[in-house]
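In what follows, every chain begins at residue 1, and chains take the letters A, B, ... in the order their sequences are listed.
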2 protein chains.
Amino acid sequence: MEKSQKNIGQSDENCPVRKSLKLLGGKWTLLILFQINERVLRYGELKRCIPGISEKMLIQELNFLVEHKLVSKKSYPEIPPKVEYRLTTLGLNTLPIVDRLAAFGLENLNEQPIL
Amino acid sequence: MEKSQKNIGQSDENCPVRKSLKLLGGKWTLLILFQINERVLRYGELKRCIPGISEKMLIQELNFLVEHKLVSKKSYPEIPPKVEYRLTTLGLNTLPIVDRLAAFGLENLNEQPIL
DNA sequence: TATTGTACTTACTTTTAGGTTAGAATTATT
DNA sequence: AATAATTCTAACCTAAAAGTAAGTACAATA
């Protein structure tokens, strides 16, 4: 194989799957994006949407998502505080991934407690 | 809200996204499925396809994938050993997910070292 | 003045994932 | 007799991810 030839089927650091996974591969990441979806959700609502997540993890993930421009955040100067989260355009672009994930789950992981 | 009403937008343990993530959410899982794809690959080839993975992780993941019926394994009684891996029907069903992941990476994570 | 609601923050501990290194098995080759 | 080739195993260790629990801020409300 020549040096100049493309490394077909080789997943180096520039592999798009790897890059996506680095951004979206967290335990809660895609689930949170899925829950926000096309809605506008307050922090508390979101928390109720994802039973089992700890406040720490939720905030941590949300900060990460805002930092990486997948989610935008709007705080209202009120007491008690009010904060809204929604997907950015980039965040919306992840929805096809989550949709496939959901479809796979529905079609292939019915009932059976696999793990 | 009535008790009998569906918990719309609520991600409990039966949420298909959560179930899929439980099965496919490992660091290397989707990448390995992506690499195998529609090919038939020997262990060594696969290893070369995924620079950076350790032998331990690769074997561990492959065992996991075989155990969960996403990948099938065929050993030839030869010395030195020869083992082939390929996707099962279930494994092939995950490819749309990886495709979306790849597309997202290509379309949104160009060049910029985000992480 | 005590309590409630909301969105966090901090410190600490535990769990899990992942990495490293070495080695086993077996036959052909040098 | 040593080496290579290939697929895997086992022991150990570290670092990152995640969980737990408590606390903060501030005004409204009771």
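- In this view, Asp99(B) satisfies the side-chain contact (heavy atoms from CB on, under 4.5 Å) rule with no residue, not counting sequence neighbours.
- Each end of the helix from dT1(C)-dA30(D) to dT30(C)-dA1(D) gets its own axis, taken as the rotation carrying the C1' atoms of four end pairs onto the next four within a five-pair window, and the two axes meet at 30° to the nearest 10 degrees.
- For Ser20(A), the side-chain contact (heavy atoms from CB on, under 4.5 Å) criterion is met by Leu101(B), Phe104(B), Leu109(B), not counting sequence neighbours.
- The line from CG of Leu70(A) to CD1 of Ile32(A) is 11.0 Å long, rounded to the nearest 0.5 Å.
- Atom-to-atom, CD of Glu78(A) to C1' of dT4(C) comes out at 16 Å; the value is rounded to the nearest Å.
- Protein atom CD of Glu61(B) is 13 Å distant from nucleotide atom C1' of dT16(C), rounded to whole Å.
- In terms of the side-chain contact (heavy atoms from CB on, under 4.5 Å) criterion, residue partners of Pro96(A) (sequence neighbours excluded) are, by chain and number, Arg100(B).
- For residues 70-80 of chain A, no pair satisfies salt bridge (Lys or Arg N to Asp or Glu O under 4.0 Å), with sequence neighbours left out.
- Judged as a salt bridge (Lys or Arg N to Asp or Glu O under 4.0 Å), and not counting sequence neighbours, the contacts of Lys47(B) are Glu55(B).
- Note that the CD atom of Gln60(B) and the CG atom of Leu58(B) stand 10.0 Å from one another [nearest 0.5 Å].
- Going from atom CD1 of Ile53(B) over to atom P of dG19(C) covers 8 Å, rounded to whole Å.
- Protein atom CD of Gln60(A) is 14 Å distant from nucleotide atom P of dA11(C), rounded to whole Å.
- Of the possible polar contacts, none joining the Asn37(A) side chain to the Leu33(A) backbone as a donor-acceptor pair under 3.5 Å is found.
- In summary, contact between chain A and DNA chain D, defined as any nucleotide atom under 4.0 Å from a heavy atom of the protein, begins and ends at dA18(D) to dA27(D) in the 5' to 3' direction.
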Enumerate, atom names and distances included, each donor-acceptor pair closer than 3.5 Å involving a side-chain atom of residues 80-87 of chain B, sequence neighbours excluded.
from     : atom 1 : to       : atom 2 : distance (Å)
Glu84(B) : OE1    : Tyr76(B) : OH     : 3.0

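- Partners of Glu107(B) by side-chain contact (heavy atoms from CB on, under 4.5 Å), not counting sequence neighbours, listed by chain and number: Ala103(B).
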Dump every N/O contact between nucleotides 6-10 of chain C and the protein below 3.5 Å, one line per pair.
from   : atom 1 : to       : atom 2 : distance (Å)
dT6(C) : O3'    : Arg42(A) : NH2    : 3.1
dT6(C) : O3'    : Pro81(A) : O      : 3.0
dA7(C) : OP1    : Arg42(A) : NE     : 3.0
dA7(C) : OP1    : Arg42(A) : NH2    : 3.0
dA7(C) : OP2    : Gly44(A) : N      : 3.0
dC8(C) : OP1    : Lys73(A) : NZ     : 3.2
dC8(C) : OP2    : Tyr85(A) : OH     : 2.7
dC8(C) : N4     : Glu55(A) : OE1    : 2.2

